[in-house]
Structures are given as structure tokens and as C-alpha cells.
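In what follows, chains carry the letters A, B, and so on, assigned in the order in which the sequence lines appear, proteins first and then strands, with residues in each chain numbered from 1.
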Number of protein chains: 2
Amino acid sequence: MNLKLDKIDRKILDILQSNAKITNAQLSKEIGLSPAPTLERVKKLENSGIIKSYHAKLDTDKIGMGVSTFVYATLKGHNKSNIEIFMEAINKIEEVIECHHVTGSGDFVLKVIAKDIASYQQLMLEKVSDISVVDNLQSMVILSTFKDSKVMPIPE
Amino acid sequence: MNLKLDKIDRKILDILQSNAKITNAQLSKEIGLSPAPTLERVKKLENSGIIKSYHAKLDTDKIGMGVSTFVYATLKGHNKSNIEIFMEAINKIEEVIECHHVTGSGDFVLKVIAKDIASYQQLMLEKVSDISVVDNLQSMVILSTFKDSKVMPIPE
DNA sequence: ATTTGTACCGAATTATATTTTGCATCTAAT
DNA sequence: ATTAGATGCAAAATATAATTCGGTACAAAT
């Protein structure tokens, strides 16, 4: 599988990142090819794994998930087994929508969403703090998000 | 516009969050309705703004954006005018894909992507540190991401 | 020069989305 | 209880879009 991206591929990726629901016909117009090779390129991008998946983005307020936070979590020891215990527990909590292992002594950044502050507190106390290997948790509540781009730049 | 979501709506949202490319026919099967009312519901969810948009998710490594970081930024003073200067500058930097205003004295969390550490450093020095109102920057490099769910739970 | 592979186009085919129609259910007012 | 209005539905018909197919052009390798 050839992963080399030309200018047209990058344009396709740019467009599909910002609007996944564009029709192939419209996409082909915007990149200046006919529908057939356009579709071929898109399929190639999908099959090669460059495009991993397609997702609907929801309005958190409108679905009643008004509280979003970042949580910085430290473990009691950042050995492999503790990390595995942590990962497994985190994966079961659907309100934890992201979990990243970051530099700094074995620490993690989580993104958590909740209905309101009360349910957030409950969630953290009952589900996250409760994970045996968790040492410290530090929450930052997101007051507002003024950039949340789903479009990543693609280097040449 | 009625924003009340019933069980079927929540199921639709759940499915479209994890797979935006599902056909209406398949979606209707999974929720147990016929295509017509299914499409009606999806359109209603789109028009009401509950579904904001649809996006392709790319593989950061495969597009050559191997470095992702969280950056905690503090401003020299967190008054309205400084925040506006900061926001405007940040919006122009396409490598900064997220920017959130968080609790703590006027601080921000950014998510930044780059080709490699060298270009990351260059980006931060030349574009981010350079914003006049920025006081302090603290970077955390993401070593690995083991949860990045695009599916938010929806409360009843 | 010939072969091989790749990318492209236009047209035909197939799949899918959208609209329409009419029926069933529910609610509220009489 | 009955009626009127609204809502939601299934099924069929239509419109639109995606996909496939055959063929052409071009580039690189032999």
C-alpha cells in the first residue's frame, strides 16, 4: 500500500475532515477530477488506514452534557501493570472520552464529560478515584472552547 | 424546535457518532424503524443542531503528524482584551487544533500537532511563544493515546 | 519499441436517498 | 364516547448518487 499523498489527496483529506457528508460528485468537482477516480482515491485512503473512520459531532449542551473537563491523573507507581489496570478501568467509563499517556512521571490526561457539576463530582468520586492505582487527580473545568478543529494540517 | 430525545433518537446519535457513513437503510434496521421515519429523525437532529457536523478521522502517524501535545498556557493578564488577542492569534495557527479556556486563573489548554519534535519546537517558538500576551507555556507530549472515543454518552 | 502499471474519463448500472401517499395511534376538546 | 388535530409510521414511487466497466493516455522499466 502506497502511503504517498499528492496534492489532490491532501485536498480530499482536508475536505473530508471538515465535511464527511459531501457527495462524491461534489467532492470530485472541488478537486477537479471526475467521480470515478475521485472515489478510487477516497477508497484508497480508507483502505490504507489514512482515513480511520467517520463520526458525527454533537452539540454537548443540546444533548445535556454541559460539563467538560480535563483531568490530570497520576498513578501510585507508573509500572506496566498499574498502567494496564488503569487503562482497563478507564475504558469502561463512557464519560471518559479521551485518555492520553503523557510525558511527566507516568501521568495521564483525561477528557471527561458530564451532565452537570453534581454528576461530574459523583462520577469522579465513584468511578475514577475508585480505581485502585490512582494516586492523584487534578480537574480543570472547561469554561469555553473556542477552537475545536477537526481538520489537521497535512505536511507535504 | 423540539429538543427532547427519546430512546430511538439516542440510539441514532450513538450510531452516527461511531459511524457517520452508515446508510439510512442500515441505520433504520438497527433502530427498528423503516427508512422514511429514520431519515426524518436524522434530519430533525441535524436541523436542530444536535448533530453539528460530520468529520473524517485520520491516522496522525500515517499523514506524518506524529507528535501531539497538550499545552497549558497562561496569559500575562487574563482580561478580556488579552484573551481576545490570544484567541485571534491561536485561530490562525492550524497546528493548534484545540483551545479551551479552563478554570484556574485565566488559563488555557491547547492541543497541538506537529510533524516531529523539531517542527514542534519551531512552531511553539515562532508562533505560540511569540503571541504578545502569552506569559508561560507548559508542554506535555502525548506518548500514546489509548482512548479517543468519538462517542459521547447521552443522558435520558 | 514493447510491456507494465497507473490514473483518468464517460457512460451504464446499481444502490441509495428522498418524497409521497395513506394508514394508525395518540391527545385534547367537546 | 366522539371528533379534530397532530404525530409517527410503512410502503411504493421517484430522484439522486454511488459504483462498475470498458477504454484511453501517459510514464517508467525492459
Side-chain angles (χ1 to χ4, degrees), chain A residues 1-59 61-64 150-156, chain B residues 1-59 61-65 150-151 153-156:
Chain A
M1 186 69 63
N2 185 14
L3 292 180
K4 214 172 210 166
L5 301 173
D6 66 11
K7 206 173 173 178
I8 296 176
D9 290 322
R10 286 195 296 274
K11 199 165 178 183
I12 289 174
L13 292 173
D14 189 63
I15 293 168
L16 291 182
Q17 280 187 96
S18 68
N19 175 21
K21 271 294 174 72
I22 191 172
T23 63
N24 187 61
Q26 184 57 32
L27 179 62
S28 70
K29 270 182 209 162
E30 295 194 18
I31 64 174
L33 291 182
S34 72
T38 302
L39 191 65
E40 225 173 78
R41 279 170 179 267
V42 172
K43 293 292 167 208
K44 215 174 275 183
L45 292 167
E46 288 171 355
N47 293 334
S48 67
I50 291 172
I51 297 175
K52 290 169 87 169
S53 44
Y54 296 93
H55 305 275
K57 179 181 175 183
L58 309 188
D59 186 308
D61 287 336
K62 287 185 178 157
I63 62 168
K150 300 302 176 194
V151 184
M152 300 187 287
I154 298 160
E156 288 178 34
Chain B
M1 186 68 65
N2 184 15
L3 293 179
K4 215 173 211 163
L5 301 173
D6 66 12
K7 206 171 174 179
I8 296 176
D9 290 322
R10 286 195 295 274
K11 199 165 179 182
I12 289 174
L13 292 173
D14 188 64
I15 292 169
L16 291 182
Q17 280 187 97
S18 69
N19 174 19
K21 271 293 174 69
I22 190 171
T23 63
N24 188 61
Q26 185 58 32
L27 178 62
S28 69
K29 268 183 209 162
E30 295 195 17
I31 64 173
L33 291 182
S34 72
T38 302
L39 191 64
E40 229 171 77
R41 279 170 179 266
V42 172
K43 291 294 165 207
K44 214 174 276 182
L45 291 167
E46 288 171 356
N47 293 335
S48 66
I50 291 172
I51 296 175
K52 290 168 88 171
S53 44
Y54 296 93
H55 306 275
K57 179 182 175 183
L58 308 188
D59 186 307
D61 287 336
K62 287 185 177 157
I63 63 169
M65 280 301 207
K150 299 302 176 194
V151 183
I154 298 161
E156 289 179 34

**Q** Nearest to the side chain of P35(B), heavy atoms from C-beta on, is which of dT18(C), dA17(C), dA7(C)?
**A** dT18(C)
**Q** Could you measure the distance from the CG atom of L58(A) to the NZ atom of K52(B)? Nearest 0.5 Å is fine.
**A** 9.5 Å
**Q** Report the distance from atom CD of E46(B) to atom C1' of dT18(C), rounded to the nearest whole Å.
**A** 13 Å
**Q** Could you walk me through whether D6(B) and R41(B) pass the side chain to side chain contact (heavy atoms under 4.5 Å, CB included) test, one step at a time?
**A** CA-CA 11 Å; D6(B) 66 12; R41(B) 279 170 179 266; 3.0 Å; yes
**Q** Touch check for T23(A), heavy atoms < 4.0 angstrom, all strands: base, sugar-phosphate only, or nothing?
**A** sugar-phosphate
**Q** What is the separation between atom NZ on K21(A) and atom C1' on dT16(C), rounded to the nearest whole Å?
**A** 12 Å
**Q** When you measure from the side chain of K150(A) to the backbone of S53(B), do you find a donor-acceptor pair of N or O atoms at a distance under 3.5 Å?
**A** no
**Q** Dump the intermediate steps for side chain to side chain contact (heavy atoms under 4.5 Å, CB included) on L45(B) and L16(B), then the final yes or no.
**A** CA-CA 11 Å; L45(B) 291 167; L16(B) 291 182; 5.7 Å; no
**Q** Does the pair E40(A)/K43(A) count as a salt bridge with the N-to-O cut at 4.0 Å?
**A** no
**Q** Quick one: L39(A) CG to dC9(C) C1', roughly how many Å, whole number?
**A** 14 Å
**Q** May I have the distance from N24(B) (atom CG) to dT19(C) (atom C1'), rounded to whole angstrom?
**A** 13 Å
**Q** Would D14(B) and I154(B) count as a side chain to side chain contact (heavy atoms under 4.5 Å, CB included) if you check the C-alpha gap in whole Å, the side-chain angles of each, and the deciding distance to 0.1 Å?
**A** CA-CA 8 Å; D14(B) 188 64; I154(B) 298 161; 5.5 Å; no
**Q** Determine whether K11(B) and E30(B) satisfy the following criterion, side chain to side chain contact (heavy atoms under 4.5 Å, CB included), listing intermediate values before the conclusion.
**A** CA-CA 9 Å; K11(B) 199 165 179 182; E30(B) 295 195 17; 5.6 Å; no
**Q** Heavy atoms of chain A, cut-off under 4.0 Å: which first and last nucleotide of DNA chain D, 5' to 3', fall inside that, if you could look?
**A** dA17(D) to dT20(D)
**Q** Nearest 0.5 Å please: distance from the CD1 atom of I22(A) over to the OG1 atom of T38(A).
**A** 10.0 Å
**Q** Within the sub-3.5 Å range, which N or O atoms of nucleotides 13-15 of chain C have a protein N or O partner, and how far apart are they?
**A**
none

**Q** With heavy atoms under 4.0 Å as the rule, sort A36(A) into base, sugar-phosphate or nothing.
**A** base
**Q** Output the rounded distance in Å from NZ (K43(B)) to P (dA17(C)).
**A** 10 Å
**Q** In whole Å, I'd like the distance from the CG atom of L33(B) to the P atom of dA24(C).
**A** 18 Å
**Q** In whole angstrom, what separates E40(B)'s CD from dT20(C)'s P?
**A** 12 Å
**Q** To the nearest 0.5 Å, what is the distance between CD1 (I63(B)) and CD1 (I50(A))?
**A** 8.5 Å
